[in-house]
Protein chains: 2
Amino acid sequence: MKIKDIAKLAGVSVATVSRVINNSPKVKPETRERILKIIEEYKYEPDHFAKSLRKRQSNFIGILFLRNSLSTEDSYTNPFLSGVLEYLFHHDLKLVLDSCDIKSGLSHYKKLIKSKLVSGFIITDLREDDERIEYLNSINFPYVVIGRNKKNNFIYIDPDNEQGGYLGIKHLYEIGCKKILYISGNKGPVVTQQRLSGVLKAKEKLSVEIEIKYGDFSKESGYKIAKKEDLKKYDGIFCASDLMAYGVFNYMKEKGIEKPLVGFDDLPSSKILGITSINQNIFDVGFFAAKMLHKIINKENVKSKILPVEVSVRESTLKFKK
Amino acid sequence: MKIKDIAKLAGVSVATVSRVINNSPKVKPETRERILKIIEEYKYEPDHFAKSLRKRQSNFIGILFLRNSLSTEDSYTNPFLSGVLEYLFHHDLKLVLDSCDIKSGLSHYKKLIKSKLVSGFIITDLREDDERIEYLNSINFPYVVIGRNKKNNFIYIDPDNEQGGYLGIKHLYEIGCKKILYISGNKGPVVTQQRLSGVLKAKEKLSVEIEIKYGDFSKESGYKIAKKEDLKKYDGIFCASDLMAYGVFNYMKEKGIEKPLVGFDDLPSSKILGITSINQNIFDVGFFAAKMLHKIINKENVKSKILPVEVSVRESTLKFKK
DNA sequence: TATCAGAATGTAATCGATTACATAAGAGGG
DNA sequence: CCCTCTTATGTAATCGATTACATTCTGATA
């Protein structure tokens, strides 16, 4: 069933049918009705490829994941994709998922662009000094980035990691902690700096004592630091990741120590373990990323966005509340 | 840059260029080399839409998720998609992700089919008596299903839930449990029956005593049943889902009870909590689903596949080992 | 009734590839 | 050297839509 068939059935030319499909105003209402009825009756759908070819536009947006980066452990992708799809759902856009190596990555992007398949990208797994950004900028291709780096200049969307750092300390402070151990992530990633900076801001503003140690975001590093430090010195612990908090949690459980503990990321396990954590609304990250990209594709003006975070208060601090 | 430009640069007709691109054997090697060099030089990529239109074939496969079904809790989708993408990555296929309501779902599928956008589907969130299956069968459209139901007839891929039920009991038996509490899921879903059936098989074969209670797969229901039952009567507990196991885990922790505990699904949290669980290799489910669908699209013969499961042994049973 | 603007519709070119068919070039045999 | 057969290449139709432009229809006005 193609447009020609519908035209024949309706006794009009293909042009008229096309006008109806594309809501052109210059069709007599009765004609339109008649054609719509036939389209409905035969459940006609325009050929997607023919349409895109002729209109010279794609309604695909692309996301390329790093191969094997979608591990079982990752609880980020689900709500993120969910948010993206939720926006696209309402705007007749489709999502092409693909994967690429870190090495051949850029050529994968180029292929999708040169074959005109996608009209924009959501960039994930951002790296410092990212060649993708430079390339996309150089050809002025629409994209939006999840997260930030220091080097490149682009439109991004990012949870407010700094605010998260601030809120974590503030929460501990409010339940009465005066001397807090902050287990930071390693110094490479941008979020490390962001979260730390919030912590330091809180330290200043609330004049609370904070000791800073550096882990690497992993459970093991949390455990190791907890073991090494003399936890008695502190009346609260804040970790820059939930995984590190789990390490600390396990160590404390082993030793029978009980201290207020706050994580960061609000992984599903934190709910189960009852660990207070900083929640970044990942669904919204996906939703707004899609929305912003859509605007960029339509050449509308868009500004980067920083999404608020909040504390998910649970047993690990609740039971110390005075 | 289009095929015409390449033809002009190479001093040949577009047909010849097209032949080179499509590896037609009837091109003189020197000509081929010359054209390939130019294609490489200008990084030419054929227009995806023009190609698909003319060849009357799409290299997209589609997955439609239920809207909002991609929750943070869901740890299934990630490795699943990862597996799908891993296969597609090596076969020049692309994945279109879309979402739909349960209500309007079928029409969404129809649209994608009628617009010729996708050449096959991977069906997730299977329901009993699923109208999608009936429709796809009726028009003989390629698809493969994740999971099974009792009513419909189709090609599926499914982890061996029955074997999982069997292995859970066997594992407890092997560490010395003689009287086991099995907390089943509710009776609706197909997996409930499958897992239970494995449990019963183990009961018979190993002649171990098993008491069966019915929860609903949720953490709360696990907690509730643990509370209601007299756990002292049992020397091991096996839950048909990790979430229920977490409920039991929490209850036992509160009461200071220690019993061997096995879950089912091997969610990420189980690793963190140290709970033994039945692992279904979800990456493989995705990988093979894509592979099978690809074969079906190519009209090759395909048989349904049941994937093996295994026990991820952790502290929750390990420490009871004799 | 003749004229003409504006609305409605039709005709045909076009998007960028693929491919059936036509043609030209080269190889080999007599 | 000519004819035939094979191989290489070119020409042009085609996929199924959209859309600029041409044409026809309608009805209002003089």
Side-chain angles (χ1 to χ4, degrees), chain A residues 1-39 42-60 92 94 110-119, chain B residues 1-39 42-60 92 94 110-119:
Chain A
M1 176 88 357
K2 49 189 177 178
I3 200 171
K4 215 170 159 184
D5 302 320
I6 299 293
K8 204 167 286 174
L9 285 164
V12 296
S13 73
V14 292
T16 305
V17 177
S18 178
R19 287 190 188 101
V20 170
I21 293 167
N22 293 283
N23 294 312
S24 158
K26 33 186 180 173
V27 179
K28 207 201 283 182
E30 303 122 66
T31 317
R32 158 165 285 126
E33 280 314 310
R34 185 156 45 93
I35 294 175
L36 281 178
K37 202 166 284 175
I38 295 174
I39 288 177
Y42 289 86
K43 307 269 181 237
Y44 163 75
E45 284 290 332
D47 184 293
H48 192 275
F49 296 117
K51 187 166 197 154
S52 287
L53 170 61
R54 182 54 235 251
K55 284 197 144 181
R56 275 105 131 357
Q57 51 146 274
S58 152
N59 57 358
F60 284 115
D92 193 33
K94 302 207 181 311
K110 286 185 180 174
K111 259 189 196 166
L112 289 176
I113 293 170
K114 302 230 170 194
S115 68
K116 304 211 190 77
L117 185 54
V118 302
S119 53
Chain B
M1 176 87 357
K2 47 188 176 178
I3 200 171
K4 213 169 159 185
D5 303 320
I6 300 294
K8 204 168 286 173
L9 285 163
V12 295
S13 72
V14 291
T16 305
V17 177
S18 177
R19 287 190 189 100
V20 170
I21 293 167
N22 293 283
N23 293 312
S24 157
K26 34 187 179 173
V27 178
K28 208 202 282 182
E30 303 122 65
T31 317
R32 156 165 286 124
E33 280 314 310
R34 186 158 42 92
I35 294 176
L36 280 178
K37 202 168 281 173
I38 295 176
I39 287 177
Y42 289 86
K43 308 269 179 236
Y44 163 75
E45 284 289 333
D47 183 293
H48 192 276
F49 296 117
K51 187 165 197 156
S52 288
L53 171 61
R54 182 56 235 250
K55 284 197 143 182
R56 275 102 128 0
Q57 53 147 268
S58 152
N59 57 359
F60 284 115
D92 193 32
K94 301 207 183 310
K110 286 185 181 175
K111 258 189 196 168
L112 290 175
I113 293 170
K114 302 229 169 194
S115 69
K116 304 212 191 76
L117 185 53
V118 303
S119 53

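Throughout, a chain's letter reflects where its sequence line sits, starting with A, and its residues are numbered from 1.
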Check: Which distance, rounded to the nearest 0.5 Å, do you find between the NZ of B:Lys116 and the CZ of B:Arg56?
Finding: 7.0 Å
Check: With respect to the phosphate group of C:dT9, does any side-chain polar atom (N or O) of A:Thr31 fall under 4.0 Å of OP1 or OP2?
Finding: yes
Notebook entry, point to check: Where the side chain of B:Ser13 is concerned, which of C:dG16, C:dA8, D:dG10 is the nearest nucleotide?
Noted result: D:dG10
Note to self: Rounded to whole Å, please give me the gap between CE in B:Met1 and C1' in C:dC15.
What the structure shows: 17 Å
Item checked: Residue B:Lys28, side-chain atoms from C-beta onward, closest of C:dG16, D:dT18, D:dA8 -> D:dA8
Checklist line | Check: C:dG10 base within 3.5 Å donor-acceptor of A:Arg19 side chain | finding: yes
Checklist line | Candidates D:dA12, D:dT9, D:dG16 - which lies nearest the side chain of B:Val14 | finding: D:dA12
Notebook entry, point to check: Are B:Thr16 and D:dG10 close enough that a side-chain N or O sits under 4.0 Å from OP1 or OP2?
Noted result: yes
Next item on the list: Between C:dT11, D:dG10, C:dG16, spot the one nearest the side chain of B:Val12, thanks.
Entry: D:dG10
Notebook entry, point to check: So which nucleotide from C:dA17, D:dG16, C:dG10 ends up closest to the side chain of B:Arg56?
Noted result: D:dG16
Note to self: If I take atom CD1 from residue B:Ile35 and atom OH from residue B:Tyr44, how far apart are they, to the nearest 0.5 angstrom?
What the structure shows: 11.5 Å
Margin query: The side chain of A:Lys55 is closest to which nucleotide in this list: D:dG10, D:dT9, D:dT18?
Written below: D:dT18
Next item on the list: Mind listing the closest non-hydrogen atom pair of A:Lys43 and B:Lys114 along with its distance?
Entry: O-CD, 3.0 Å
Note to self: I want to check one thing: is the phosphate of D:dT19, taken as OP1 and OP2, less than 4.0 Å away from some side-chain N or O of A:Asn22?
What the structure shows: no
Notebook entry, point to check: Which one, D:dA17, C:dT11, C:dT9, comes nearest to the side chain of A:Val27?
Noted result: C:dT9
Margin query: Below the 4.0 Å mark, does C:dA17 have OP1 or OP2 next to a side-chain nitrogen or oxygen of B:Tyr44?
Written below: yes
Next item on the list: For residues B:Ser119 and B:Ser58, report the shortest heavy-atom separation together with the two atoms involved.
Entry: OG-O, 3.2 Å
Next item on the list: Would you tell me if any nitrogen or oxygen in the side chain of B:Lys51 comes within less than 4.0 Å of OP1 or OP2 on C:dT18?
Entry: yes
